[in-house]
K.L.:
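Let me give you the structure first, and then I'll get to my questions.
Positions are given from 1 along the sequence. For clarity, every value in this text was computed on a predicted model and none was experimentally measured.
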Amino acid sequence: MKYFGRSVALAIKGRSLAGQATVKQTEIRFKATPQDVKVTKLSSGVTVASLENYSPVSRIAVVYGAGSRHEPSNALGITHCLRVAANQSSKKATAFSIAKNIQQIGGSLSCSTSREMVMYSVSCLRKNLATGVEHLNNVATGHDFRPWEVHDAANVQKQDVEIYSNSPEAQLIEAVHKAAYRDTLGQSLYMPSDRVGTFSCRDLEAFVKTYYVAHNAVIAGVGIDHDVLVHLARKFTFAPGHAPEHKKAKYHGGELRMDRRIPLVHAAVVTEGAALGGADLLPLGLLGFVLGAGPYVKYSGNLASSRIAKAAASATSFPFVASAISAAYSDSGLFGFQVTTDARDAGKVLKAIVTTMGQATKNTITKDDVLRAKHQLKACMYMEAEGAEETLKWIGAEALLSGQVIDCSQLESEVDKVTLEDVNRVAKKILNGKPSMVAVGDLSSTPYLDELI
C-alpha cells in the first residue's frame with residue numbers, strides 16, 4: 001500500500017510539473033524563522049507547550065500525569081484498560097462518528113501510556129485542525145464509558161496480554177522495573193492476565209475523575225503556532241482540580257528469573273540511575289555511550305567502540321546483542337546493560353560484561369572516550385528531535401514533569417560542560433550501586449545474581 005500511495009503521489013507531482021513547464025516561473029521564497037519551544041500556563045491550570053516547525057502536518061496531544069505508577073494496588077492494569085478504551089464513544093460523539101470524521105480529514109488519533117503519563121494525540125493537516133482538535137477534546141476530556149463498549153474491549157486487552165506473554169523482550173523490561181522498584185515504577189504497563197475484562201465503568205470513571213484534571217494536564221503541539229494552540233486550548237473542557245501526590249519511587253533491588261522454553265536468554269543487570277533533571281543525568285548518558293549503546297553501522301557487531309559488545313564477543317561464538325540501557329523518571333532511574341545470547345553461553349557472556357562494567361569504575365575511561373560519547377549523544381538527540389512524534393512526546397513529558405521544556409541547543413551546551421572527571425565519578429557511584437537482575441529464557445546456564453557479582 002505504501003508503494004501504491006507513493007507511485008500515485010509521484011505521478012500527480014509529475015503531471016503538475018509537466019503542466020507548468022510552459023509557464024514562466026516566478027521564484028517565491030518563504031523565510032521560516034527558527035522557533036524555540038514556548039510554554040504558557042493557563043488560568044485553569046493547564047500547561048500549553050508547543051514548537052512551530054512549519055510542517056504541513058500539525059500534531060497536538062493532551063497529556064495527563066496518570067501512568068501505571070499511579071494505579072492503586074486494587075486496580076493494577078487500569079491504565080492499560082483506559083488505553084484500549086480511547087477509541088470508544090465520548091459524551092458528544094459515538095466511536096463511529098469519531099473514526100469517520102478523523103478518516104475524512106486524513107488524520108490519525110491515538111493513545112499511548114507510560115509509567116508516568118498517558119497521552120491522547122491527533123495528527124492532521126493544518127487546514128483540518130478544527131476537526132482534529134474537536135475530536136481530540138472528545139476522547140481526552142469527554143469520557144463516557146458505556147457498559148457494552150467496555151465489555152467488548154476485553155477482547156483487545158486479552159490480545160495485548162497474549163502478545164506481551166510471547167515477547168521475552170517486553171517481559172524483560174517490565175520485570176527489570178518490578179525487581180528494582182516492586183511498586184510505583186515497578187507496576188507494569190500491561191494488566192495482569194486475571195484482570196482482563198474485570199474493570200467496570202465505575203472503576204474507569206473513578207480513575208479519570210481523580211487524575212484527568214486541569215492542574216495535571218498538558219496540551220502539547222508540534223507544527224502549530226503557539227498563540228493558535230493557546231486559543232484552541234481554551235476550548236478544551238478539562239475538569240478543574242489537582243491530582244493527588246503520587247508515592248515516591250523507592251529503589252529496592254532484587255532478582256527475577258522467568259524460565260521459558262526458548263533457545264535464548266534475555267538478561268539485564270541494572271542499578272539505580274539518575275532522575276530527570278538530576279545532576280548526574282548527562283554524565284550518565286555519556287557513560288552509556290562510552291560503554292556501548294548499540295551498533296552504528298547496520299549489521300555490524302559494534303566491536304569498534306562498544307566495551308560491552310567486545311566483552312560479549314570474547315565469551316561466545318554465537319550471535320548476540322548487547323548494549324547499555326538507561327531509563328530516567330521524575331524521581332528515580334535505572335542504568336545497566338541488556339544482553340540477548342545463546343542459552344549455552346549465557347553465564348560466560350554475563351560474567352564478561354559484568355567484569356567490563358566493573359573496570360569502568362577504575363578510571364579507565366579516557367578523554368577520547370568522552371569526546372566520542374559527546375558526539376554520539378548530541379547526534380542521537382538531534383536525530384530524535386527531527387521526528388515530530390518523538391518531539392511531541394518529549395515536549396509533553398517535559399512540560400508535565402517540570403513545567404518547562406529545554407530545547408536541544410541548551411542541552412548541547414550542557415553536554416559540552418560535562419568533564420571526564422564527571423563521567424568517572426558517576427561511573428563509580430552508579431555502577432557500584434545495589435544491583436537488580438532479570439533473566440528470561442532457558443536459564444540452565446544462567447547464574448544467579450549473587451554468583452555473578
K.L.:
Please list all pairs passing the salt bridge (Lys or Arg N to Asp or Glu O under 4.0 Å) test where one or both residues lie in residues 265-278, with sequence neighbours left out.
P.N.:
none
K.L.:
For Ser188 and Glu174, test the side chains for any donor-to-acceptor distance below 3.5 angstrom and give the result as yes or no.
P.N.:
yes
K.L.:
Please check if any side-chain donor atom of Tyr120 sits under 3.5 Å from a side-chain acceptor atom of Tyr212, or the reverse.
P.N.:
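Per modelled atom types, Tyr120 and Tyr212 side chains form a pair under 3.5 Å.
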K.L.:
Return the set of residues passing salt bridge (charged side-chain N to carboxylate O under 4.0 Å, His left out) with Lys209 (not counting sequence neighbours), or none when no residue passes.
P.N.:
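None.
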K.L.:
Would Asp160 and His80 satisfy side-chain hydrogen bond (donor to acceptor under 3.5 Å, both in side chains), going step by step from the backbone distance to the final call?
P.N.:
CA-CA 9 Å; Asp160 284 352; His80 182 179; 2.9 Å; yes
K.L.:
Rounded to the nearest 0.5 Å, what separation is found between the CG atom of Leu172 and the CG atom of Leu256?
P.N.:
10.5 Å
K.L.:
Taking atom types as modelled, find out whether Asn53 and Ser55 have a side-chain donor-acceptor pair closer than 3.5 angstrom.
P.N.:
no
K.L.:
Enumerate the side-chain hydrogen bond (donor to acceptor under 3.5 Å, both in side chains) contacts for residues 441-453, please, sequence neighbours excluded, ordered by first and then second residue.
P.N.:
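Qualifying pairs, neighbours excluded: Asp442-Ser444.
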K.L.:
Is there a side-chain contact between Leu350 and Pro447 (heavy atoms, below 4.5 Å)?
P.N.:
yes
K.L.:
Whether Arg195 engages the ring of Phe199 as a cation-pi pair (distance to the six-membered ring centre under 6.0 angstrom, angle to the ring normal within 45°) should be assessed.
P.N.:
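Cation-pi check for Arg195 and Phe199: passes.
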K.L.:
Please name all residues satisfying salt bridge (charged side-chain N to carboxylate O under 4.0 Å, His left out) with Glu205, sequence neighbours left out, ordered by chain then number.
P.N.:
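Checked Glu205 against salt bridge (charged side-chain N to carboxylate O under 4.0 Å, His left out); zero matches.
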K.L.:
Taking only residues two or more places apart in sequence, or in another chain, which ones meet Glu134 in a salt bridge (charged side-chain N to carboxylate O under 4.0 Å, His left out)?
P.N.:
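Result, salt bridge (charged side-chain N to carboxylate O under 4.0 Å, His left out) vs Glu134: none returned.
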K.L.:
Is the distance from the ring center of His252 to that of Tyr181 below 6.0 Å?
P.N.:
no
K.L.:
According to side chain to side chain contact (heavy atoms under 4.5 Å, CB included), who are the partners of Thr237, at least two apart in sequence or on a separate chain?
P.N.:
Asn137, Thr141
K.L.:
Would you check, one step at a time, whether the test side-chain hydrogen bond (donor to acceptor under 3.5 Å, both in side chains) holds for Asn128 with Thr131?
P.N.:
CA-CA 6 Å; Asn128 297 324; Thr131 301; 5.8 Å; no
K.L.:
For Ser330, what residues pass the side chain to side chain contact (heavy atoms under 4.5 Å, CB included) criterion, not counting sequence neighbours?
P.N.:
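So Ser330 forms a side chain to side chain contact (heavy atoms under 4.5 Å, CB included) with Arg69, Glu116, His246, Leu401.
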K.L.:
What about the rings of His143 and Phe207, do their centers lie closer together than 6.0 Å?
P.N.:
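So the answer is no for these two rings.
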K.L.:
Are Arg115 and Gln187 packed together at the side-chain level, in the sense that at least one heavy-atom pair is separated by less than 4.5 angstrom?
P.N.:
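Arg115 does not reach Gln187 side chain to side chain.
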K.L.:
Between Ser123 and Glu389, is any pair of side-chain heavy atoms under 4.5 Å apart?
P.N.:
yes
K.L.:
Can you tell me if Asn216 uses its side chain to pair, donor with acceptor, with the backbone of Tyr211 under 3.5 Å?
P.N.:
yes
K.L.:
side-chain hydrogen bond (donor to acceptor under 3.5 Å, both in side chains), that's the test. Do Gln35 and Tyr54 meet it? Break it down for me.
P.N.:
CA-CA 9 Å; Gln35 299 289 321; Tyr54 305 102; 3.3 Å; yes
K.L.:
Excluding sequence neighbours, so at least two apart, what forms side chain to side chain contact (heavy atoms under 4.5 Å, CB included) with Ser193?
P.N.:
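Only Val161 meet the side chain to side chain contact (heavy atoms under 4.5 Å, CB included) criterion with Ser193.
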K.L.:
Under 3.5 Å, which donor-acceptor pairs do the side chains of residues 104-112 form with other protein atoms, sequence neighbours left out?
P.N.:
{"unit_1": "Ser110", "atom_1": "OG", "unit_2": "Ser121", "atom_2": "OG", "d": "3.0"}

K.L.:
Within a strict 4.5 Å, meaning less than it, do heavy atoms of the Val48 and His226 side chains meet?
P.N.:
yes
K.L.:
Please answer whether the main-chain N or O of Ala206 pairs with a side-chain N or O of Thr210 as donor and acceptor at a distance below 3.5 Å.
P.N.:
yes
K.L.:
Ala274: which residues meet the side chain to side chain contact (heavy atoms under 4.5 Å, CB included) condition with it, sequence neighbours left out?
P.N.:
Asp280, Leu281, Leu284
K.L.:
Going by the ring pair (Phe, Tyr, Trp, His ring centres under 6.0 Å) test, which pairs reach into residues 149-169, not counting sequence neighbours?
P.N.:
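Non-adjacent pairs meeting ring pair (Phe, Tyr, Trp, His ring centres under 6.0 Å): Tyr164-Tyr190.
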K.L.:
Can you list everything that forms a salt bridge (charged side-chain N to carboxylate O under 4.0 Å, His left out) with Asp144? Sequence neighbours excluded, please.
P.N.:
Arg146
K.L.:
Please round to the nearest 0.5 Å and tell me the distance separating atom CZ of Phe337 and atom OG of Ser323.
P.N.:
11.0 Å
K.L.:
Has Glu71 got a side-chain atom pairing as donor or acceptor with Gly77's backbone, closer than 3.5 angstrom?
P.N.:
yes
K.L.:
Side-chain contact, heavy-atom cut-off 4.5 Å: Trp394 with Glu384?
P.N.:
no
